[in-house]
Peer 1: 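First, the structure itself, so that you have it in front of you.
By convention in this document, chain letters (A, B, ...) are assigned in the order of the sequence lines, proteins followed by strands, and residues within each chain are numbered from 1.
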Number of protein chains: 4
Amino acid sequence: MPRTGRDALLEVLRTEGVTHLFGNPGTTELPLMDALATADDLQYVLALQESTAVGMADGYAQVTGRPALLNLHTSAGLGNAIGNLTNAQANGTPLVVTAGQQDRRHLHHDPLLAGDLVGLAASVSKWTHEVTTLGELGPIMRRAFADAASAPTGPVFVSIPMDVLEEAGDAPVPARSSIDRGAVAGGVETLARRLAGTAPERLLLVAGDEVAASGAVDALTRVAELVGCRVQGSPLHSNIVFPTAHPQWGGPLPPHASGIGAALGAYDTVLLVGGRAFMVYPWSAGPAVPQDVALLHL
Amino acid sequence: MPRTGRDALLEVLRTEGVTHLFGNPGTTELPLMDALATADDLQYVLALQESTAVGMADGYAQVTGRPALLNLHTSAGLGNAIGNLTNAQANGTPLVVTAGQQDRRHLHHDPLLAGDLVGLAASVSKWTHEVTTLGELGPIMRRAFADAASAPTGPVFVSIPMDVLEEAGDAPVPARSSIDRGAVAGGVETLARRLAGTAPERLLLVAGDEVAASGAVDALTRVAELVGCRVQGSPLHSNIVFPTAHPQWGGPLPPHASGIGAALGAYDTVLLVGGRAFMVYPWSAGPAVPQDVALLHL
Amino acid sequence: MPRTGRDALLEVLRTEGVTHLFGNPGTTELPLMDALATADDLQYVLALQESTAVGMADGYAQVTGRPALLNLHTSAGLGNAIGNLTNAQANGTPLVVTAGQQDRRHLHHDPLLAGDLVGLAASVSKWTHEVTTLGELGPIMRRAFADAASAPTGPVFVSIPMDVLEEAGDAPVPARSSIDRGAVAGGVETLARRLAGTAPERLLLVAGDEVAASGAVDALTRVAELVGCRVQGSPLHSNIVFPTAHPQWGGPLPPHASGIGAALGAYDTVLLVGGRAFMVYPWSAGPAVPQDVALLHL
Amino acid sequence: MPRTGRDALLEVLRTEGVTHLFGNPGTTELPLMDALATADDLQYVLALQESTAVGMADGYAQVTGRPALLNLHTSAGLGNAIGNLTNAQANGTPLVVTAGQQDRRHLHHDPLLAGDLVGLAASVSKWTHEVTTLGELGPIMRRAFADAASAPTGPVFVSIPMDVLEEAGDAPVPARSSIDRGAVAGGVETLARRLAGTAPERLLLVAGDEVAASGAVDALTRVAELVGCRVQGSPLHSNIVFPTAHPQWGGPLPPHASGIGAALGAYDTVLLVGGRAFMVYPWSAGPAVPQDVALLHL
């Protein structure tokens with residue numbers, strides 16, 4: 001079912017627990033303003049200058065312990081915020097900062113108040129990105145909240161062209177990941193429960209090059225043998241991540257989303273061991289991870 | 001009439017006088033390879049490593065005195081070329097360097113060989129850009145050739161996502177500008193002939209802030225009175241660029257493409273005096289300059 | 001005792017366990033070549049083109065599991081290496097890449113082969129830096145080895161002006177840190193042994209804002225009470241990191257190196273809890289950490 | 001005679017015609033404040049927030065038609081100014097923006113309020129630079145004023161470490177260039193008068209690669225024959241810039257400052273034709289252009 005960019009944006013905000021936005025909007029934020037007009041659960045806290053908006057968002061984030069949403073207007077509004085963002089960065093305050101960019105259809109004409117928003121924000125941000133397609137809006141915003149909250153916490157920046165918010169089409173919003181940032185012990189226990197609760201033939205283990213790099217091939221083999229599940233390598237992995245003559249070895253995953261999706265679709269639960277599990281090369285249709293497969297990542 | 005990105009690209013190459021491309025292609029260049037298969041007037045000169053491709057393009061550009069087209073493959077191919085591009089930059093060789101970027105639909109998944117191509121090329125380029133929409137491919141490539149050939153000459157870089165080349169739709173290719181880079185005297189004479197050859201009521205003069213900044217309001221007023229044409233200010237100009245009570249003054253142009261287009265449509269010839277003549281703010285349909293209006297720029 | 005930059009560089013290499021350097025040197029590497037002429041324990045492996053040097057260093061690092069040293073010559077040599085460095089970055093190979101920069105005394109004249117080396121290397125590096133003073137050469141190179149080897153591992157880049165290697169003066173080389181990258185359990189045990197083995201009056205605990213941010217004030221207070229040591233806050237900390245009326249609380253450290261050094265000099269062992277323990281503001285003479293104080297960092 | 005960085009800075013300001021500085025200083029500006037205390041001809045106009053300081057400097061520059069000096073404090077002060085600097089950049093207002101950076105001796109410890117000042121300012125500046133040695137302070141500030149005032153005019157940014165202002169030593173301040181930005185005709189007349197007024201044996205003509213690139217070898221040869229002076233090529237030039245068997249040809253200049261200085265010392269007046277006339281490679285003592293040689297550049 002198609003939906004607009006602004007609806008996808010609001011879904012990310014709600015599933016991240018956002019109830020207040022701080023900022024000073026302008027024309028490029030009009031689609032968002034329209035959407036907020038009927039969103040009773042989301043309150044926009046207006047500041048008269050952007051320095052103040054940063055201060056409010058910073059204090060709110062520090063008190064709640066969650067990323068605050070700071071909404072700015074093009075190069076001028078973002079520019080006014082940079083001073084207090086140097087402070088937020090020094091404090092490590094988790095902030096998701098968005099600024100409206102001009103319409104993609106005439107961005108190459110360098111319209112008024114457009115500019116290199118990502119370049120402006122880069123020195124005060126952990127991560128920056130300018131959204132280029134409707135399809136990536138949801139995943140990028142989800143990542144922004146995750147990055148802002150990951151140690152070392154800090155501001156992240158996303159530039160959103162005005163027309164992306166108005167466009168309707170395929171606008172996926174991935175589910176929020178549950179990340180255990182505590183000591184290893186806690187996460188391992190949860191993981192063990194999940195593995196024990198899945199039938200071995202419904203469980204796939206995917207091993208990346210990090211397994212080889214950290215000398216964990218033997219350990220992984222023992223775990224796989226205990227669990228009795230199938231093991232595959234991440235696409236295009238470079239080293240031996242599992243004994244290739246082992247009866248549980250299923251070879252590497254293919255390097256395209258449709259092939260990965262087909263392989264994963266046979267399972268309920270997939271455990272990744274290593275960081276770049278689903279490397280793709282040519283584009284192919286569909287998500288690599290089917291929606292009803294639970295993904296665990298060590 | 002819709003056309004594909006690759007057809008728009010070939011039209012730019014042909015109208016820029018390109019007959020040879022130098023490079024080492026990969027998957028992201030396949031749409032271009034397909035297009036070249038039936039283009040007997042364009043020859044692809046293959047190099048086995050990218051350093052060599054740079055050397056060939058550099059020598060060709062120096063000998064012909066025109067920008068040469070260097071075609072590279074993603075981050076790896078561009079990376080191999082950087083060394084010799086430092087040399088081309090030191091020489092001021094006019095090169096238009098393109099590299100294939102991954103498909104926009106999964107670029108945010110960081111697929112294999114994708115990467116920050118613009119960041120890689122920035123230190124060896126006069127100007128860099130990653131194409132984000134089919135609509136901007138033609139104008140961006142046209143600008144690339146103009147920038148490479150403008151003093152101080154040098155390499156410019158354009159990253160082109162693979163799917164932009166395959167996409168079909170509105171893909172305008174602006175006409176090539178005729179730029180007189182010689183001493184002022186020559187250009188002024190041509191200009192004078194053009195002004196003299198247009199009926200005053202079919203001629204519009206558009207003045208930008210540069211007129212005020214360089215103290216040329218009086219001079220411009222005398223020219224306008226001699227010619228007898230209407231004068232308008234560029235959109236959102238900040239200073240007095242023409243006496244506002246003057247009978248020939250038509251006020252500032254509006255800051256959107258459709259309004260500018262409507263205003264300009266009443267004339268055959270438009271002379272811009274100043275650099276940012278058609279500043280727009282909100283997006284609106286259509287080009288700012290109607291296709292049958294001749295644009296002169298001082 | 002004064003020493004030259006090249007001697008400081010060799011000391012870092014030796015204490016990092018380097019026995020082989022890979023590269024292709026030029027004039028800016030002459031001071032290093034001179035130093036290596038009498039260093040029988042360090043072997044320079046010459047490559048005829050920089051792509052090959054990267055390949056050798058990459059393979060060596062993967063096999064040894066330690067950062068390999070790749071030595072390049074100015075913008076041209078670094079440029080040739082960029083292609084294979086995109087591969088090293090994708091692999092996460094730990095590399096310490098150095099390139100010789102031109103003499104600082106005429107760098108602003110933009111001499112031949114100088115250039116924005118840090119900009120060139122940025123897209124293929126985890127971290128980049130151009131050394132600007134003799135005094136920072138040792139700490140920067142030490143950090144380069146630590147960063148390359150920290151997860152996620154990868155290439156780091158240091159640009160070294162030729163005259164820094166020849167200059168003699170105060171060129172400190174900090175001791176190598178011992179970092180337990182394994183699961184928390186192992187590090188905690190070591191830490192406990194160190195704390196238990198120090199007399200409480202010779203032990204200082206320094207708490208940063210991270211203690212407050214992670215809700216660990218109570219836990220830290222219990223540890224401090226068990227150990228019986230003094231607790232101070234890191235300079236200019238923003239939140240309550242320890243009960244300020246507690247008899248073991250010694251207030252925040254001052255925000256300058258000489259003051260921190262004086263405070264720490266009264267102890268044998270200092271345990272930092274939090275990330276930015278020794279924030280300074282104005283410059284003052286001397287290192288913040290006296291040489292005979294053992295520093296533990298959680 | 002040695003002098004301090006702050007004295008060199010004031011000399012540049014005075015010879016650029018500066019009478020007012022706009023800004024909001026902090027600790028890193030203390031050396032400048034001390035110097036201004038006894039400089040009755042220079043007035044510091046204080047703003048309470050940096051946005052306002054930008055506004056004042058912008059208006060002053062627009063009214064006077066000369067670059068205004070904007071003085072900011074570290075990352076926080078520069079950050080507050082970015083918003084209005086986006087406006088100054090859009091206006092093309094000539095501004096020389098300086099910000100105090102932390103002391104070079106502990107910059108690698110990342111002290112409070114230090115940061116990537118050049119990165120912060122890059123998106124709102126024509127040109128940016130962080131001063132790294134006392135010797136380059138004067139030339140860099142001279143260049144900043146020239147760049148801000150050159151078309152297209154706009155803000156330029158210089159980061160100045162606090163200790164550079166206090167350091168005493170060799171701190172050259174090059175003479176201000178006289179640049180004729182008008183139509184070619186005017187400049188040519190002045191040039192002709194200068195050539196005609198110099199004895200041929202006291203005049204040297206230096207030709208760069210631009211002569212060959214623009215097909216001007218024959219024209220240059222005729223000029224040289226008319227004048228009767230000696231002609232040399234710029235160091236390491238790549239193409240034939242003058243007939244090498246011509247009796248007036250003196251070969252290329254050597255690629256080091258001491259050799260260039262020795263060659264130029266035999267003349268009263270040197271005319272450069274081309275852009276990179278004094279390319280050097282290894283460092284050598286002394287300036288390339290002796291102080292009593294008049295330099296003309298076409």
Peer 1: Of the backbone (N, CA, C, O) and the side chain (C-beta and beyond), which part of D:A122 lies under 4.5 Å from a heavy atom of chain A, both, or neither?
Peer 2: neither

Peer 1: State the CG-OG1 distance between A:L113 and D:T86, to the nearest 0.5 angstrom.
Peer 2: 7.5 Å

Peer 1: Which atom names give the shortest non-hydrogen contact between D:S123 and A:G119, and what distance separates them?
Peer 2: OG-C, 3.3 Å

Peer 1: Out of curiosity, A:L85 CG to D:S75 OG, how far, rounded to the nearest 0.5 Å?
Peer 2: 11.5 Å

Peer 1: Measure distances from D:D116 to the heavy atoms of chain A and classify the residue's part below 4.5 Å as side chain, backbone, both or neither.
Peer 2: both

Peer 1: Heavy-atom distance under 4.5 Å to chain D: side chain of A:A76, backbone, both or neither?
Peer 2: both

Peer 1: Using side-chain contact (heavy atoms from CB on, under 4.5 Å), reason through D:I82 and A:N80 one step at a time and then give a plain yes or no.
Peer 2: CA-CA 6 Å; D:I82 300 289; A:N80 281 336; over 6 Å; no

Peer 1: Given the options D:L112, D:L120, D:L78, which has more heavy-atom pairs under 4.5 Å with chain A than any of the others?
Peer 2: D:L120

Peer 1: Would you say D:Q49 and A:S51 make side-chain contact, with heavy atoms under 4.5 Å?
Peer 2: yes

